[in-house]
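The structure appears below as structure tokens.
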Amino acid sequence: MAEESSFDGSEKEEIGSSGGGFGDLGSMDSVESRWVLQDEDDSEIGFDDDDDEFDGTGLESDDEEIPEHRLIRTGPRVDSFDVEALEVPGAPRNDYEDLTIGRRVLLAFQTLGVVFGDVGTSPLYTFSVMFSKSPVQEKEDVIGALSLVLYTLLLIPLIKYVLIVLWANDDGEGGTFALYSLISRHAKISLIPNQLRSDARISSFRLKVPCPELERSLKLKEKLENSLILKKLLLVLVLAGTSMVIADGVVTPAMSVMSAVGGLKVGFDAVEQAISCFFFADQVVMISVAFLVILFSLQKYGTSKMGLVVGPALLIWFCCLAGIGIYNLIKYDSSVYRAFNPVHIYYFFKRNSINAWYALGGCILCATGSEALFADLCYFSVRSVQLTFVCLVLPCLMLGYMGQAAYLIENHADASQAFFSSVPGAAFWPVLFIANVAALIASRTMTTATFSCIKQSTALGCFPRLKIIHTSRKFMGQIYIPVLNWFLLAVCLVVVCSISSINEIGNAYGMAELGVMMTTTILVTLIMLLIWQINIVIVIAFLIVFLGVELIFFSSVIASVGDGSWIILVFAVIMFGIMYVWNYGSKLRYETEVEQKLSMDLMRELGCNLGTIRAPGIGLLYNELVKGVPAIFGHFLTTLPAIHSMVIFVCIKYVPVPVVPQNERFLFRRVCTKSYHLFRCIARYGYKDARKENHQAFEQLLIESLEKFIRREAQERSLESDGNGDSDSEEDFAGSRVVIGPNGSMYSMGVPLLSEYRDLNRPIMEMNNSSNHTNHQPFDASSDSSVSEAEQSLERELSFIHKAKESGVVYLLGHGDIRARKDSWFIKKLVINYFYAFLRKNCRRGTANLSVPQSHLMQVGMTYMV
């Protein structure tokens with residue numbers, strides 16, 4: 001048949017080109033093998049791609065066995081979810097992996113304006129805040145403070161983040177939720193029970209040959225998956241860290257801009273003492289407010305465009321830091337090099353005791369922006385960030401701090417404005433201008449990091465949906481969230497107007513930074529144990545050193561929480577509450593939908609007409625269930641006078657990976673027997689994916705994929721019939737397990753097919769059609785009749801799909817709201833009926849992403865009692 005021949009050709013081309021197809025089986029011996037956890041009833045190569053089990057009638061079964069695990073050695077998997085694990089050609093893992101040297105240098109240049117603005121402007125305020133808590137009494141106090149700053153720079157930004165944490169990225173994505181996503185891929189720790197066995201196939205790591213580290217990793221994985229308390233504690237930790245990231249996005253602009261504008265006082269003191277009275281705190285606040293409004297208004301132009309614009313400005317700024325530092329070292333006192341001896345830290349604490357401990361809250365400000373190195377990683381590559389920091393940022397920062405220390409040794413009274421006071425008089429006004437530009441740029445750093453973190457948390461079900469604008473066609477990780485942008489501006493203005501002291505804002509700044517740092521330390525420790533599987537001594541050393549240091553710093557800033565910095569703490573608690581309520585409500589809603597899904601017995605009783613009239617057309621019923629028939633479908637059956645002749649349950653599922661390749665987007669399953677014409681389609685997206693398809697393109701891809709699925713199902717049935725010597729009826733066919741993509745990639749999950757795939761140079765239909773010309777197994781009359789019946793059945797179903805498509809496609813959207821039962825606790829009623837309902841009402845609706853005309857939409861509401 002013509003359609004079959006066309007299919008054979010496309011399949012042959014796909015097998016030859018796709019790294020995830022069966023064409024890889026022949027070369028399995030030459031590819032690195034690995035050790036995997038496998039179920040006792042799995043096949044040798046492991047084709048199971050879904051958790052659903054089927055009964056003998058072809059209907060989905062709600063029963064699911066708990067598999068027993070064993071560790072076996074196997075070749076690389078060949079299912080569709082190995083695209084990341086095996087680095088299949090044509091399935092890019094990272095936008096920055098194959099860049100030329102020139103492009104890498106350009107990226108490194110862009111990182112100055114996007115990633116390093118925050119840490120680059122820390123010399124504006126670090127010494128000023130430190131010496132406001134521990135005043136300079138003698139020369140050795142300056143040396144001790146400088147030693148403390150230098151070793152904090154080396155320990156936290158360099159060793160922890162640049163050399164260690166950056167490598168814990170999730171396929172190029174950084175931040176708190178990227179770490180949580182990475183852990184979720186390797187252990188089922190999500191509280192929303194929508195995981196499938198196929199989700200684990202996306203994992204990008206290879207388990208090592210059995211060793212003590214692997215055994216420890218498996219034990220940790222088992223504890224995390226079996227303990228509800230550990231799951232909740234880990235989620236609370238991640239949400240707390242994310243709330244601190246958002247708080248950091250508020251306090252960073254306030255601190256950077258106000259410290260830069262505060263330099264005007266020093267400048268006017270140098271020109272004319274009398275004029276300085278016009279620049280008290282109120283005037284500084286007003287100018288800072290104007291700068292912040294301009295800053296957040298420019299955020300919509302995107303990271304790439306702004307990075308190229310502000311990159312030169314930050315390069316000039318870092319050169320100014322280094323130049324001023326060298327000038328002050330030559331002019332004042334070059335003996336500050338003694339600060340590289342850590343013994344001066346001990347002397348600093350010995351002389352100042354409690355004041356030195358308070359000064360730690362100012363010292364940590366030199367490491368602010370360290371989390372941005374990781375959170376903003378999605379915009380650039382690891383190598384570009386490392387190259388820029390080691391070769392340019394770190395040397396310039398160290399020279400800048402050493403120059404300030406050299407100046408303060410002879411000018412103790414200028415400690416309140418250490419940076420601007422140390423600038424040579426002739427260069428003051430140009431440096432002041434560059435400093436304000438750098439401060440505006442630095443304010444964008446945590447804002448872009450906040451955007452990235454919010455997008456990740458939204459995709460993983462921990463934040464209400466917001467409108468996200470992708471500002472780059474080349475790099476999909478570069479985004480802008482309008483609502484969040486203006487919300488951060490409003491809160492930032494409140495902070496600036498209510499806390500006018502740099503010292504108080506600095507304390508709030510340190511609190512937010514340390515909250516994120518400690519969260520990152522704990523999550524990276526889990527990754528070391530669970531994924532990296534490195535020596536336990538190294539893991540313990542990492543945890544003790546970095547978490548211990550951060551706890552010491554945190555004890556300093558938390559002791560000063562009553563000076564006004566409590567505002568940021570309250571803001572972080574509010575953001576934590578929003579995320580936890582959203583996750584809690586989403587979890588209850590999903591669990592309720594699972595409990596109330598329609599049973600297969602009811603579907604059998606209704607019959608193939610579903611107890612109503614089947615009108616021509618295709619209905620795409622959107623729901624969140626990955627298994628079973630959603631209860632909202634029963635609501636459609638009882639509400640509408642008729643239902644479409646073909647219904648596809650479409651589940652938009654975000655899996656804990658950055659990107660799902662387009663050719664692995666859809667996973668089809670037949671819900672009931674063929675006469676029902678009911679299918680499930682799980683459309684899988686990563687938290688970095690952009691859903692840009694218009695409804696016509698989406699429909700076309702979906703229908704093409706469905707046709708290929710049906711063809712493949714017929715092939716499997718034909719091969720199974722040949723192997724068993726008989727032909728099963730349609731009603732007894734148990735349904736096939738197939739992953740299929742819109743470009744023609746198809747992957748069978750049926751174990752009986754493995755014996756038929758020995759000749760891998762020919763497509764399946766070609767082998768089937770040409771088998772009568774070979775001497776292995778000639779067809780008899782009964783088998784020829786069976787093949788003819790199968791072809792006719794296939795053609796009838798494909799023709800049915802075409803006619804239904806011509807009649808039109810309608811999107812059936814069910815809005816499932818939840819309400820707390822009357823006998824629920826008061827707190828639960830308050831959270832579900834008011835807080836969660838408010839968030840759900842005001843968040844972005846799912847229809848906003850569909851781009852579907854209103855004439856093609858049909859919506860039905862349903863309320864669940866939880």
Side-chain angles (χ1 to χ4, degrees), residues 110 112-118 120-121 124 175 242-262 284-311 313-314 317 368-369 371-372 375-376 378-379 435-455 458 463-464 466-472 477-500 505 508-509 512-513 567-568 571-572 574-575 578 844:
Q110 282 183 303
L112 288 175
V114 178
V115 177
F116 298 109
D118 193 359
T121 54
L124 290 174
T242 305
S243 65
M244 287 295 184
V245 171
I246 302 174
D248 207 353
V250 169
V251 73
T252 297
M255 186 68 181
S256 300
V257 172
M258 287 196 67
S259 58
V261 174
V284 171
V285 169
M286 292 175 60
I287 298 175
S288 299
V289 167
F291 280 3
L292 289 172
V293 172
I294 295 174
L295 164 71
F296 282 92
S297 299
L298 297 175
Q299 194 74 36
K300 63 182 179 181
Y301 292 105
T303 304
S304 294
K305 299 174 184 177
M306 294 299 295
L308 287 174
V309 172
V310 303
L314 261 294
W317 166 249
T368 54
E371 187 65 28
D376 283 332
C378 61
Y379 299 99
N436 278 269
V437 173
L440 292 175
I441 296 170
S443 302
R444 299 185 66 258
T445 302
M446 283 309 301
T447 306
T448 55
T450 304
F451 291 162
S452 176
C453 191
I454 291 299
K455 184 178 187 297
T458 301
F463 202 89
L466 301 174
K467 181 180 180 181
I468 298 176
I469 298 175
H470 293 261
T471 59
S472 174
Q478 301 182 5
I479 59 175
Y480 167 68
I481 306 178
V483 174
L484 185 62
N485 183 70
W486 301 119
F487 174 71
L488 292 178
L489 172 61
V491 179
C492 185
L493 295 181
V494 170
V495 172
V496 169
C497 296
S498 60
I499 310 177
S500 58
I505 296 179
Y509 198 5
E513 283 282 341
I567 295 179
I568 289 299
F571 174 74
I574 293 174
M575 298 308 301
I578 291 175
R844 186 174 173 85

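From a predicted model like this one, the values you see are computed outputs, not experimental measurements. The analysis underlying the following values was restricted to heavy atoms, covering all of them including side chains, and did not include hydrogens, waters or symmetry mates.
- Here CD1 of Ile454 is found 7.5 Å from OG1 of Thr242. Values are rounded to the nearest 0.5 Å.
- Residues Leu440 and Ile294 are not in side-chain contact: their nearest non-hydrogen atoms beyond the backbone lie 4.5 Å or more apart.
- Looking at residues two or more places apart in sequence or on another chain, you find a side-chain contact (heavy atoms from CB on, under 4.5 Å) between Ile469 and Lys467, Tyr480, Pro482.
- Taking 4.5 Å as the limit, every side-chain heavy atom of Leu489 sits out of range of all side-chain heavy atoms of Asn485.
- Ala572 approaches Met244 most closely through the heavy-atom pair CB-SD, 4.1 Å.
- Side-chain contact between Leu292 and Leu295 is present, with heavy atoms from C-beta onward closer than 4.5 Å.
- Smallest separation of non-hydrogen atoms from Thr121 and Ala438: CG2-O, 3.5 Å.
- Between the OG1 atom in Thr368 and the CG atom in Asp118 there is a gap of 4.5 Å [rounded to 0.5 Å].
- Between Ile468 and Phe451, the closest side-chain pair of non-hydrogen atoms is not below 4.5 Å.
- For the pair Leu466/Thr458, no side-chain contact is recorded, criterion being any heavy-atom separation below 4.5 Å from C-beta on.
- Considering CG of Leu493 and CG of Leu488, their distance stands at 11.0 Å, rounded to 0.5 Å.
- Looking at Val437 and Trp317, their side chains never come closer than 4.5 Å, going by heavy atoms from C-beta outward.
- Considering all non-hydrogen atoms of both residues, Val245 and Thr450 come closest at O-OG1, 3.6 Å.
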>> If you apply the rule side-chain contact (heavy atoms from CB on, under 4.5 Å), what do you find for Ile246 with Phe571, and how did you get there?
In response: CA-CA 9 Å; Ile246 302 174; Phe571 174 74; 3.9 Å; yes
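- The side chain to side chain donor-acceptor pair (under 3.5 Å) test applied to Glu513 returns no partner, not counting sequence neighbours.
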If you look only at distance, which donor and acceptor atoms sit under 3.5 Å apart when one is on a side chain in residues 253-260 and the other is two or more places apart or in another chain?
{"residue": "Ser256", "atom": "OG", "partner": "Thr252", "partner atom": "O", "Å": "3.0"}
{"residue": "Ser259", "atom": "OG", "partner": "Met255", "partner atom": "O", "Å": "2.8"}
{"residue": "Ser259", "atom": "OG", "partner": "Ser256", "partner atom": "O", "Å": "2.9"}

>> Test side-chain contact (heavy atoms from CB on, under 4.5 Å) on Gln299 and Trp486; report intermediate values, then the result.
In response: CA-CA 10 Å; Gln299 194 74 36; Trp486 301 119; over 6 Å; no
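- To the nearest 0.5 Å, the span separating CZ on Phe291 from CG on Asn436 amounts to 5.0 Å.
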